[in-house]
Structure formats: structure tokens, C-alpha cells
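Read through the structure below, which is laid out as C-alpha cells, and then see the notes.
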Amino acid sequence: MAEDKVYPVDKERAAHSLINIDDYHRLYQQSIDQPDIFWAEQAEKFVGFFEPWSKVFDGEFAKAQVAWFKDAKLNVSWNCIDRHLPQRADQTAIIWEGDEPDSSLHITYRDLHQAVCRMANVLKARGVKKGDRVCIYMPMIPEAAYAMLACTRIGAVHSVVFGGFSPDAIRDRIQDSDCRTVITANQGVRGGKLIPLKHNVDKALEQCPDVHSVIVVKHTEADTGWHAERDVWYHEAISQVDDQCPAEVMDAEDALFILYTSGSTGKPKGVLHSTAGYLLQAAMSHKYIFDYHEGEVFWCTADVGWVTGHSYILYGPLCNGATTLMFEGVPTYPDASRFWQVIDKHHVNIFYTAPTALRALMSLGDEPVKSSSRASLRLLGSVGEPINPEAWEWYHKVVGEERCPIVDTWWQTETGSTMISPMAGVTDLKPGSATLPFFGVKPELLDAHGKVIQGAGKGNLVITQSWPSQIRTVFGDHQRCVDTYFKAYPGYYFTGDSARRDKDGYYWIIGRVDDVINVSGHRLGTAELESALVLHPKVAEAAVVGYPHDIKGNAVYAYVTLMTGIKDSDDLKKELIQFVADEIGAFAKPEIVQFAPGLPKTRSGKIMRRILRKIAANEIDHLGDTTTLAEPSVVDNLIEHRVNR
Ligand code: WT7
């Protein structure tokens, strides 16, 4: 069994790691038993404060009312830039690799300081103040990093919206957090394709009258629509401001950013993170988990539009004075060896990507990997969804040539930083397991009755005590934060995932147990997809489930009931799939649409998703209990017309 396969830590490597496994166990125990002492020490090591804290932790976990480093004062941009200037002004902070292989830039900490100060002054000139929300809708270009850091510099709260989102999705997010300023680019470029970012913003803003400023980076030569009072070119604006901007003194608990994420109900939630706890844990986890050593090049392939990009492209690495790589393109452009060529070009030491990318590349064979040297690579990371042992082994053997440990990092937008993961050179590895909890993280598994499972077993994954980078609130709706995360199991934070723990205490994440589908590491709420589908005038009702998919991990299967009198057709299927792309974004497109004259419901009218999931997964021999169905014949029809793959 894969579970029994262990890759022990390489002894020689362990000698160079920051800590060893005994240190891990000792420090872990301290972090749980004496969190105040533990976190105070770490904060002193990792973060610079303008004023000290009066109390390390204050609050009530069960109510989602927590404060870390109470009353302390600091600034995130100062920590990520200014603090390093005396020693690192000439060191590269960001290596930018453009979509085309001949385009790249090295941005030093000195350059970064200037660029961020200018951007901050532009924001100020447009009237942005501490506490104001700023929407960032950007391609993966250095200005995206400048924009985020500029917000933190003046105490504005950024809300980054992934560049793949549609105008409607941007509008909803801008309205929900009342952003009055947007930072974007005329166009993005990915895999040789142009993305009309500014055009999307213009469409979104038709329904956002309060937005007074749109700062536009000129990334391509293309023209764009223009609203003279509202829009400003970034390159013009920065030429009119100073390149010095003092860092605002922020409270440890001041809001740092909002990031929208999908849940099982309703519209996406604006997950809010605060300043000190988030920064500390992002930096600290980056250092320990990736065993980051001075001078190394760290590459996280995520987009800054997701939390992985926030914590491990920007805040963690920069707080640690690291060199971080930011990649605009895709793994298969111009060809399937792009990742590995970039690793050789920039001598990347640590590489962190998602299982879906690995599975896609694996399906293209070993040759594109083997044509590169990858001699600089020292360790590998995985994030976003469970990594199947087959992909793990391929990553280990072919990409890492059996010399690079793999850290499989489990965490969430809400957790802010990694919660369960091996530490490179410290933890023995098992392919497919996220292994052991990070410092300060106390997970438990609960059974169907909410009872704690002891020892080996399987259950719903919860966290039992506060950690510094935990979600503080859902923007504008604290009750929703409490209801979503702290209600299912009173006293615990519920992750929405189920997991197994083996005899060695290793965790194996199974996946979501709520109505969230993880498609290629992107989190989609079934409720959101269904609301999008029923907006279409020909759709009466829709039910969406996930099903296992070789490359994407999971894909979206949509059952759609049409309005009376509407004829189904393949063209209509295509139209509905495109409709979802327009409503949410292309990454949310259903893989399969099945027209359903009726949906399986209980007598009280609740859709029985369990049955829909089974049909989508082709597990029709084990539908489970169907006695509560109002109309059993509905299921027969769905089975008969299911889309075979
Ligand atoms: C959900 C969170 C963590 C940043 C990227 C996604 C799944 C994440 C793993 C992993 C198994 C994982 C979980 C989690 N997930 N990492 N290493 N192994 N599952 O953040 O969009 O907030 O999604 O992603 O289901 O709950 P997110």
C-alpha cells in the first residue's frame, strides 16, 4: 500500500536543515502547550515591530474573536522591503519571468522600494487612505506586487481578484467590499493569448458608480476604452510623484487584505486577514517548511490572485529577504518544458506547484523534463489539492531525480498559511500524505457525532485552537464567519475537509465534505455555479456536483432542467457552458452538462446530491439509500441518459 511507503530524510541533507525532527517535536509541543511563549519568540525572530505588543493572544476562538500581538505596531511593506535595505539593497527581490521566454527582469530590493513608494504615492494622490479597500485585477507582472505592497504601505486593504474572473464576478467583489479604487492593466498575456483586463473592468464598473479611480498599467501596446475623470495611466501617474513614502504605522490587528473564496452556500465570502499574525506565520512557514536558506531562489507558480500567491510569492518570501520568482505564463507555452527551462534559466532552488499542473505535464511524458538540467533544484512543493501517489512519485523521480524532498502543504484561504505539511529535510515523507501539523496547529478528526477520534482513523478535519494567521472575519458579515467555520462543531474551526490519520500520526487529506468542488486547485461552490446556470433564461433548475477527473482532480458535472417547451441540443449545452464562463470565469466551466427532465429530491424538496454525485462518478451500482426519493423514476432517467466518459 502507498501508505506504507516511506521516504526517510536524507541524513546528509538533514545535517544542513534549519532544524531536525527532535527540534520539531520539542518546538511543536511548546507551541501547543505554551503558545504565548512560543509565538513571542518567533515574532521577535521573523518580524520587525515599531512598538511591542501588550499581550501575545487575546480573545475567544469559538467566537472567531481573536487578536494576536495586541497593541503592537508594524507595517507589512516596511517588513518586506525597508527592513532589508541596509543589507540587501542590491539583492534581487523579485525575478520576473514573462510569458515569452526572452522576457525577464531582476528587481532588487532597492528597485522594489522605489516602485512601491511611487505606487503608494499615486494611491494617496487619488485620495486613498488607511482602511480604504482597493481592488487589484492584474496579470502576473511586477506591478501586481507593487500594487499589493503599496496598499499595505499606506494601510489600504487590498482585494486581489484573480485575472481569470469575469466582469460580473469583479463587480460583485468590488460592490461587496466597497472598493473605490481599482488597479489593473490594459491587457494580460498568458500562453501567447491576450486577456482584456481593462475591458473587463470597464464592464464591471458600469454597475459600480462609487469607483473614482482606475490605475492602468500599460502592459501591451493595445488601446483601451478610457474614462478621463476616472482612469489614469500608471506610467504617467508615477512620473508625477515622489519615490519616498513613509510606511503607515499599523496596528497588529488592522485589516491587511480581503480575498474572496467560495463556500457551500451563497455568494463568495471576503475572507479578511489582519497584519501581524498573518505576516509572521507566512514568513515563518516559508522558512521552516521550505527550509529556505539565504541567497536561494524560491519559485511558487501560483497566481497572486489566490492565497498561495499572497503568502508564498509575496509576503512570506519577501518578509524573509528571499529572492522570489514571479511567472506570467503557463507550463505548456511555448512548449511543455517551460517550467524546467525557467528553473535552469534562473537557477531555481525551491519549486512549489499544484498537482493538476504535474498531472498535465506527466501526461506529456518525461522527455520535456529530461531535456533540462534542473541541477539547481533542491526541493519541491505541492499545494491546492490532494496529490495522488502516482503524481507524487513522478514529481520525485523524474522532476527531482530522487534527490529533492517534496513538501505537500495543506492549507486554505482562511488559514492564511500552511497548516499541515512536512518540513523539508526534517520529516520522513509518505507519497500522498501532508504528514504532520505545523507549529501551533492542533488538528483533530471528528466522527459523525462530533466526537474526537483518538489515534488512527478517519473523520472531519477541525482545528482546536487559534493560530496567528487565521481568518479574522468575513468582510462585512462576522456572523457568517462564525456560522461557516465555528458552528458545525462548537469550539472548533471546521475546515470543510475530511482526512485520515495513520498509525504514525500522519494526516492524509481526503477532500471537501461540503458543497465545494476543487477543480485544478480552484475552489468552486456548487451554489455559485447553480445560481449562474439558473440566470440563463432557458434554465429552470440546475444541480452541480464534482466528479473525479484525471488531470483536474475534480471536474464540474451539471444537471440542468430546462424551462417547459425548450428543446435540448448540443448547441444549448455549449451555450450554457459559455454562460458560466461569462458569469464567473473560464476556469469554472462545467466539463459535462446533462439535461435532466427532473432532479432527484426528497419529499420535502431537497435535492439529493449524494445520488447525483454517484451518477456523475459512474458508480450507479451503489446509489445508497433511495427510499426517501419523492419520485424514484427520476433517477432511472438520469442513469439512462448519463454522459459516459
Ligand atoms: C482547499 C482550500 C492552500 C492554498 C490553495 C487552495 C484543498 C489545499 C491541499 C493539499 C489536499 C488540499 C483542501 C482545502 N487543499 N491544499 N496539500 N492536500 N487538499 O486554497 O482555494 O482556499 O482551497 O484546498 O480541500 O480545504 P483554497
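Note that the structure is a prediction, hence the values are computed from the model and not measured. For ligands, and for the atoms within them, numbers begin at 1 and follow the listed sequence.
Which parts of ligand 1 touch Thr409 is read off a 4.0 Å heavy-atom cut-off, strictly below it: atoms 9 (C), 10 (C), 16 (N), 17 (N).
In this structure, a donor-acceptor pair under 3.5 Å is present between the side chains of Arg472 and Ser274.
Residue Arg523 has at least one nitrogen or oxygen atom sitting less than 3.5 Å from a nitrogen or oxygen atom of ligand 1, judged on distance alone. Distances between N or O atoms of Gln412 and those of ligand 1 include at least one value under 3.5 Å.
Phe486 has its ring centre less than 6.0 Å from the ring centre of Phe61.
Taking the six-membered ring where the residue is Trp, Tyr24 and Tyr28 present parallel rings, their angle staying beneath 30° rather than reaching 60°. Relative ring orientation between Phe351 and Tyr395 is described as perpendicular, the plane-to-plane angle rising above 60° on a 0-90° scale split at 30° and 60°.
Regarding atom 10 (C) of ligand 1, its nearest protein heavy-atom neighbour is Glu385 O, 3.5 Å. Annotation: atom 2 (C) of ligand 1 to nearest protein heavy atom, Trp411 O, 3.6 Å. Closest protein heavy atom to atom 11 (C) of ligand 1: Pro386 N, 3.1 Å.
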Query raised in the report: Between Asn349 and Trp299, is a side chain to side chain donor-acceptor pair (under 3.5 Å) present by the stated rule, with each step listed?
Result: CA-CA 8 Å; Asn349 305 108; Trp299 180 15; over 6 Å; no
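At least one heavy atom of Gly384 sits closer than 4.0 Å to an atom of ligand 1.
In terms of heavy atoms, Asp428 sits closest to Val9 at OD1-N, 2.8 Å.
Only the side chain of Val307 comes within 4.0 Å of ligand 1, counting heavy atoms alone; its backbone N, CA, C and O stay farther away. Of the heavy atoms in Thr308, only side-chain atoms (C-beta onward) come closer than 4.0 Å to ligand 1.
When the heavy atoms of Ile509, Asn518, Asp497, Asp408 are ranked by distance to atom 26 (O) of ligand 1, first place goes to Asp497.
Using modelled atom types, no side-chain atom of Arg338 and backbone atom of Thr332 make a donor-acceptor pair closer than 3.5 Å.
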